[in-house]
Amino acid sequence: MDLWFTEEHTENVRFSIKVDKQICHLNSPYQRIDIFESPEFGRFLTLDGCIMVTENDEFMYHEMIVHVPMAVNPEIKNVLVIGAGDGGTVRELTRYDGIESIDMVEIDEEVVKVCKKYLPTIAGKLDDERVNIFYEDGLKFVRSKTNEYDLVIVDSTDPYGPGEGLFTKEFYGNCYKALKDDGILVNQHENPYYKIYSDTMIKTHKNIGSLFEIAKVYQFNLPTYPSGNWLFGFASKKYDPVLNLDADKWNSLDIKTRYYNTDIHKAAFALPNYVIDALDSSMRN
Ligand code: SAM
């Protein structure tokens, strides 16, 4: 008998992965947590039935969320990561010797425990000595921070359940305050194609664009996320992500990557017209 995991991407679209077995299932105080093993994507983590990471395609997501800001300012030293309990974002950050401290704020300790146990290639750097993990709501954590971080990365779930507050204007305003004068914010920005996601994309761009001097959006492929095309936001008080890309410096670091390179970096900010129009409309309304 075949076993399949199915996620509803919209009311009318479903995405299925053939699975060999279910490895873990539990309900934390915040969400349902499952890990499956599959022939095509290796092991994968789902929260409340939504795919968060798979062993085989996670490099696309984690390289693009980390190396884009790091190549704009390779001098980044103090980083705040919100969400990201699977550990992939922290793993990429620990590849930079120049980073001195990584505060990670994850609301759900069970996600971290499960990922350390079952997804060690992703979570394996959460014990790096520069990493401080806080099991708190990121929305509350950032309220008390002022002028502390060079980079804030919001690696959150979608805007439902515990992740809802991480898409609000109040939250992005507190991220602005938590950043130094040359700070960068990178955030999970949903997908532009399906309306339920693009409505959030538009609202998020409006919120961030009303706070930050520079607010751009960039795209990348991800086979297991709805539509296979995903966005991150890049916002800064000072840096333009393309004009201020320090390609020579980043390439001199000789960090081996499978998806990111400095040409992809520039190309990722070139958006299709329907996405540009939707983002522009957010700034007019
Ligand atoms: N790459 C994933 C994606 O885009 O769907 C996100 C990965 S990571 C597993 C997301 C994490 O954000 C989850 O572990 C979840 O517990 C955490 N999270 C959700 N809301 C949060 C909040 N308010 N504060 C801190 N962490 C939160």
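Being a predicted model, the structure only gives us computed values, none of them experimental. Counting starts at 1 for both ligands and their atoms, following the listed order.
Ranking protein heavy atoms by distance to atom 13 (C) of ligand 1, first place goes to Glu106 OE1, 3.4 Å. From the protein, the heavy atom lying nearest to atom 24 (N) of ligand 1 is Gly138 N, 2.8 Å. Of the protein's non-hydrogen atoms, Thr157 OG1, 3.3 Å is the one closest to atom 19 (C) of ligand 1. Shortest contact from atom 27 (C) of ligand 1 to any protein heavy atom: Ile107 CG2, 3.7 Å. Of the protein's heavy atoms, Tyr225 OH, 2.9 Å lies nearest to atom 3 (C) of ligand 1. In terms of protein heavy-atom proximity, atom 12 (O) of ligand 1 is closest to Gly83 CA, 3.4 Å.
Under a 4.0 Å criterion applied to the non-hydrogen atoms of Asp86, ligand 1 contributes the atoms 7 (C), 8 (S), 9 (C). Listed by number with element, the atoms of ligand 1 under 4.0 angstrom from any heavy atom of Tyr61 are 1 (N), 2 (C), 3 (C), 4 (O). Every atom of ligand 1 with a heavy atom of Asp108 under 4.0 Å away is listed here by number and element: 16 (O). The atoms of ligand 1 that sit less than 4.0 Å from any heavy atom of Leu166 are 20 (N), 21 (C), 22 (C), 23 (N). Distances below 4.0 Å separate heavy atoms of Glu136 from the following atoms of ligand 1: 24 (N), 25 (C). Atoms of ligand 1 lying under 4.0 Å from at least one heavy atom of Ser156, given by number and element, are 3 (C), 4 (O), 5 (O), 6 (C), 10 (C), 12 (O). Set against the non-hydrogen atoms of Gln31, the atoms of ligand 1 under 4.0 Å away are 15 (C), 16 (O). Counting the atoms of ligand 1 from 1 in the order shown, those under 4.0 Å from a heavy atom of Leu47 are 13 (C), 14 (O).
Asn191 places a side-chain N or O within donor-acceptor distance of the main-chain N or O of Tyr194, the cut-off being under 3.5 Å. Looking at Asp137, its side chain does come within 3.5 Å of a backbone N or O of Leu139 through a donor-acceptor pair. Side-chain atoms of Lys177 come within 3.5 Å of backbone N or O of Lys145 as a donor-acceptor pair.
Judged purely by distance below 3.5 Å, without hydrogens or angles, the side chains of Thr6 and Ser16 pair a donor atom with an acceptor atom. Side-chain N/O atoms of Asp34 and Gln22 include a donor and acceptor closer than 3.5 Å.
Taking the centre of each ring, Trp250 and Tyr260 come in below the 6.0 Å mark.
Counting non-hydrogen atoms of other residues, nucleotides and ligands closer than 6.0 Å to CD of Glu100 gives a total above 12.
A side-chain hydrogen bond (donor to acceptor under 3.5 Å, both in side chains) with Tyr61 holds for exactly one of Asn221, Thr54, Asp86, Asp155; it is Asp155.
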